[in-house]
Amino acid sequence: MFALIDCDSFYVSCERLFRPDLKTTPVAVLSNNDGCIVSRSSEVKAIGVPNGSPLFKVRDQLRRAGAVLFSSNYTLYGDLSGRVMATLQSQSSETEVYSIDEAFVSLHGLPRSSWEEYGLQLRSAVYREVGIPVSVGLASTKTLAKLATRVAKRGEGVCALSHPDCIADTLRQTDTADVWGIGPRFSRKLALHSVFTAEDFISLPERWVQQELTVVGLRTHRELRGIPCIPLERAPPPRRTMVHSRSFRGRMTSLEPLQEATASFAARLGAKLRRHELNASWLRLFLVPPRNSGLSGRGLSGSLPWPTADTRALIQLTHRLLSRLWDAGFPCTKAGVMALELSPRKVMQQSLLSQPPDPAVMAVLDAVNARLGRGTVRLAAEGVEHEWSGKRDLCSQRYTTRWDELPVIGEGAGR
DNA sequence: TCTGGGGTCCTAGGACCC
DNA sequence: TCTGGGGTCCTAGGACCC
């Protein structure tokens, strides 16, 4: 038995928290590079702008509606997400942080008759402590709790799917594509067999579902019938990969800026590995051509001399890989560095033949940058100007994590 | 002209081993 | 002419999630 707590239009809600003047204005938040819409206020949803739509396709429509746009500000969203999760953890010891804006809470031992009241309690606690509106769905499995949250968002903010009739009604009114675990491909495949709703789906025989949709589909099938298959994960499973990648403002036509970009990606990846107390044993560099070029991406992997998160080692290998991968004729619009074969820092295998770099150097670098801002101390290879860097023209302040960007109230506000 | 970034899991097929 | 059965590991591709 689970409650799913899902923040309403999370990124938009974060922006509005510090811009109460936008409470009733249509607001949308853009992806990295200001490319797509990734979060919409209810007013933007109402004018029919789909989530994920490329900005250039809906720009006029948004302008006519008087919408305000923001570049994504993950520093702000990450900080507010932490506050939401901490509030939920103060309400229950059995919580799973599922994504930046969602968490599951176990309802173990709580009678069905109290579900709704508990949902209301969680909802008001988060709004009181953080100021972010959330919807809560409660049900016997995670997949049903997801459905309940969809219902909650259309209505009162809380929906407990505790009665069989109520579950049956919901399944009848839900398209397969709106079920957690059924994506566009599976949904299209099901439609070919005249399966359109979640109700149609659960009437299919298990054997057929497993054959066509693998065990993943079978799990969804059972979860919709109230058989729990996906447990609460109180601790996140160990990470297997870590990536840093970005699109460029234009095309990379010469090697030097690409060297600079990939070095700074490797540096960001190193910092992230160190934050998670992980080392990588393998590194993969990949280059991506424009979406409609007909070309496929290129990648190359190489092993590090020891498991490490040292920026210097990561950049060195990245550049070695780049020199083998680089081809002036390849139209590179995006690149990334991926860390593979991750291991916890504390169980590092020593080498007989060579000494890994002293971790104290990176510790000092991280400490300085934590205090004075990211990139204050960096390697020369990362460059300075970053002219290749993508668009991010509409970004709000980091209100909660930078002294010099705190919101100002009263006289002189709105600078 | 312009379409993000970061993850996981499953399956099929090939290589290899005994 | 006739050539087994069982297992593991790896990779690429496909599907999903937020």
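Letters go in sequence order (proteins before strands), and every chain restarts at 1. Atom set for the values below is all heavy atoms of this structure, side chains included, hydrogens, waters and symmetry mates excluded.
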Peer 1: Rounded to whole angstroms, how far apart are CZ on A/Arg40 and P on C/dC18?
Peer 2: 13 Å

Peer 1: OP1, OP2 of B/dG7 versus side-chain N and O of A/Arg240: anything below 4.0 Å?
Peer 2: no

Peer 1: Does A/Leu30 reach a base, just sugar-phosphate, or nothing at all? Heavy atoms under 4.0 Å.
Peer 2: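 The answer is nothing, as A/Leu30 stays clear of every strand by at least 4.0 Å.
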
Peer 1: Rounded to the nearest angstrom, tell me the gap between atom CZ in A/Arg284 and atom P in B/dG7.
Peer 2: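 Rounding to the nearest Å, CZ of A/Arg284 and P of B/dG7 are 15 Å apart.
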
Peer 1: Looking only at side-chain atoms of A/Ser247, point me to the closest of B/dG5, B/dG7, C/dC16.
Peer 2: B/dG5

Peer 1: Check the phosphate of B/dG5 against A/His244, side-chain N and O only, distance under 4.0 Å to OP1 or OP2. Yes or no?
Peer 2: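 Indeed not, no polar side-chain atom of A/His244 lies that close.
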
Peer 1: Between A/Arg374 and A/Glu382, does at least one N-O distance fall below 4.0 Å, as a salt bridge requires?
Peer 2: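 A salt bridge is absent here (no side-chain N lies under 4.0 Å from a carboxylate O).
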
Peer 1: Check the distance between B/dG5's P and A/Tyr11's OH and give it to me in whole angstrom.
Peer 2: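 That distance rounds to 13 Å.
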
Peer 1: Any idea how A/Phe248 and A/Phe265 line up, ring-wise: parallel (<30°), tilted (30 to 60°), or perpendicular (>60°)?
Peer 2: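 Ring orientation, 0 to 90° scale: parallel.
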
Peer 1: Between A/Glu341 and A/Arg240 (salt bridge meaning N to carboxylate O under 4.0 Å), is one present in this structure?
Peer 2: no

Peer 1: Where the side chain of A/Cys36 is concerned, which of B/dT3, C/dC17, B/dG6 is the nearest nucleotide?
Peer 2: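 Of all the options, the side chain of A/Cys36 is nearest to B/dT3.
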
Peer 1: Between B/dG6, C/dC18, C/dC16, which nucleotide has the shortest distance from any of its atoms to the side chain of A/Phe186?
Peer 2: C/dC16

Peer 1: Measuring to OP1 and OP2 of B/dG4, would you say a side-chain N or O of A/Ser72 lies under 4.0 angstrom away?
Peer 2: no

Peer 1: Using whole Å, what does the distance between atom C1' of nucleotide B/dG4 and atom CZ of A/Arg249 come to?
Peer 2: 15 Å

Peer 1: Classify A/Arg59 by what it touches in the nucleic acid, base, sugar-phosphate, or nothing, heavy-atom distance under 4.0 Å.
Peer 2: nothing

Peer 1: Quick check on B/dG6: is either OP1 or OP2 less than 4.0 Å from any side-chain nitrogen or oxygen of A/Thr241?
Peer 2: no

Peer 1: In whole Å, I'd like the distance from the CG atom of A/Asp60 to the P atom of B/dC2.
Peer 2: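 Rounding to the nearest Å, CG of A/Asp60 and P of B/dC2 are 17 Å apart.
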
Peer 1: Yes or no on side-chain contact (heavy atoms from CB on, under 4.5 Å) for A/Arg123 and A/Val158, after CA distance, side-chain angles and deciding distance?
Peer 2: CA-CA 8 Å; A/Arg123 184 165 185 257; A/Val158 174; 3.8 Å; yes

Peer 1: Kindly point out which of B/dG4, B/dT8, B/dC10 is positioned nearest to the side chain of A/Val215?
Peer 2: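 Of all the options, the side chain of A/Val215 is nearest to B/dC10.
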
Peer 1: Name the residue closer to the 5' end of DNA chain B, choosing between A/Gln210 and A/Tyr74 according to the nucleotide with the nearest heavy atom.
Peer 2: A/Tyr74

Peer 1: Can you confirm whether or not the ring centre of A/Phe201 sits under 6.0 Å from the ring centre of A/Trp208?
Peer 2: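 Distance test on ring centres: not under 6.0 Å, no.
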
Peer 1: Take atom NZ of A/Lys142 and atom C1' of C/dC16, then tell me their distance rounded to the nearest Å.
Peer 2: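 After rounding, the gap between these two atoms is 15 Å.
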
Peer 1: Looking at A/Glu206 and A/Arg225, does any basic side-chain N land under 4.0 Å from a carboxylate oxygen?
Peer 2: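 Yes, charged N to carboxylate O under 4.0 Å.
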
Peer 1: C/dA15 phosphate, OP1 or OP2: any side-chain N/O from A/Arg185 under 4.0 angstrom?
Peer 2: yes

Peer 1: Could you check how far CG of A/Leu213 sits from C1' of C/dC17, rounded to whole Å?
Peer 2: 15 Å

Peer 1: For A/Leu269 and B/dG7, what is the distance between atoms CG and P respectively, to the nearest whole Å?
Peer 2: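 The answer, rounded to whole Å, is 8 Å.
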
Peer 1: 5'-most contact on DNA chain B: A/Thr214 or A/Arg246, nearest heavy atom basis?
Peer 2: A/Arg246

Peer 1: Quick one: look up who C/dG13 pairs with, Watson-Crick or G-U, both distances under 3.5 Å, and put none if it's unpaired.
Peer 2: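 For C/dG13, the partner nucleotide comes out as B/dC10, under the 3.5 Å rule.
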
Peer 1: Any side-chain N or O of A/Lys391 below 4.0 angstrom from OP1/OP2 of B/dC2?
Peer 2: no

Peer 1: Compare side-chain N and O positions of A/Arg219 against OP1 and OP2 of C/dC16 and report whether any pair is under 4.0 Å apart.
Peer 2: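 Result: no.
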
Peer 1: Check whether any side-chain nitrogen or oxygen of A/Ser99 sits under 4.0 Å from OP1 or OP2 of C/dC17, and answer yes or no.
Peer 2: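 No, outside the criterion.
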
Peer 1: Give A/Lys334 one of three labels, base, sugar-phosphate or nothing, depending on what nucleic acid heavy atoms sit under 4.0 Å from its own.
Peer 2: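 Sugar-phosphate, no base atom in range.
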
Peer 1: Please report the distance separating the P of B/dT3 from the corresponding atom of C/dC18, rounded so that it comes out in whole Å.
Peer 2: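 The answer is 24 Å between these two P atoms.
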
Peer 1: How is A/Pro237 classified with respect to the nucleic acid when contacts are heavy atoms under 4.0 Å: base, sugar-phosphate, or nothing?
Peer 2: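 Result for A/Pro237 = nothing.
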
Peer 1: Between A/Tyr11 and A/Tyr74, is the ring centroid distance below 6.0 Å?
Peer 2: yes

Peer 1: At 4.0 Å (heavy atoms only), tell me whether A/Lys272 reaches a base, stays on the sugar-phosphate, or touches nothing.
Peer 2: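 If one applies the 4.0 Å heavy-atom cut-off, A/Lys272 turns out to touch the sugar-phosphate alone, with no base involved.
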
Peer 1: Using a heavy-atom cut-off of under 4.0 Å over every strand shown, decide if A/Val29 touches base, sugar-phosphate, or nothing.
Peer 2: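 Since no nucleic acid heavy atom lies under 4.0 Å of A/Val29, the category is nothing.
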
Peer 1: Assign A/Asp101 to base, sugar-phosphate, or nothing according to its heavy-atom contacts below 4.0 angstrom with the strands shown.
Peer 2: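 Counting heavy atoms under 4.0 Å across all strands, the contact made by A/Asp101 is with sugar-phosphate only.
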
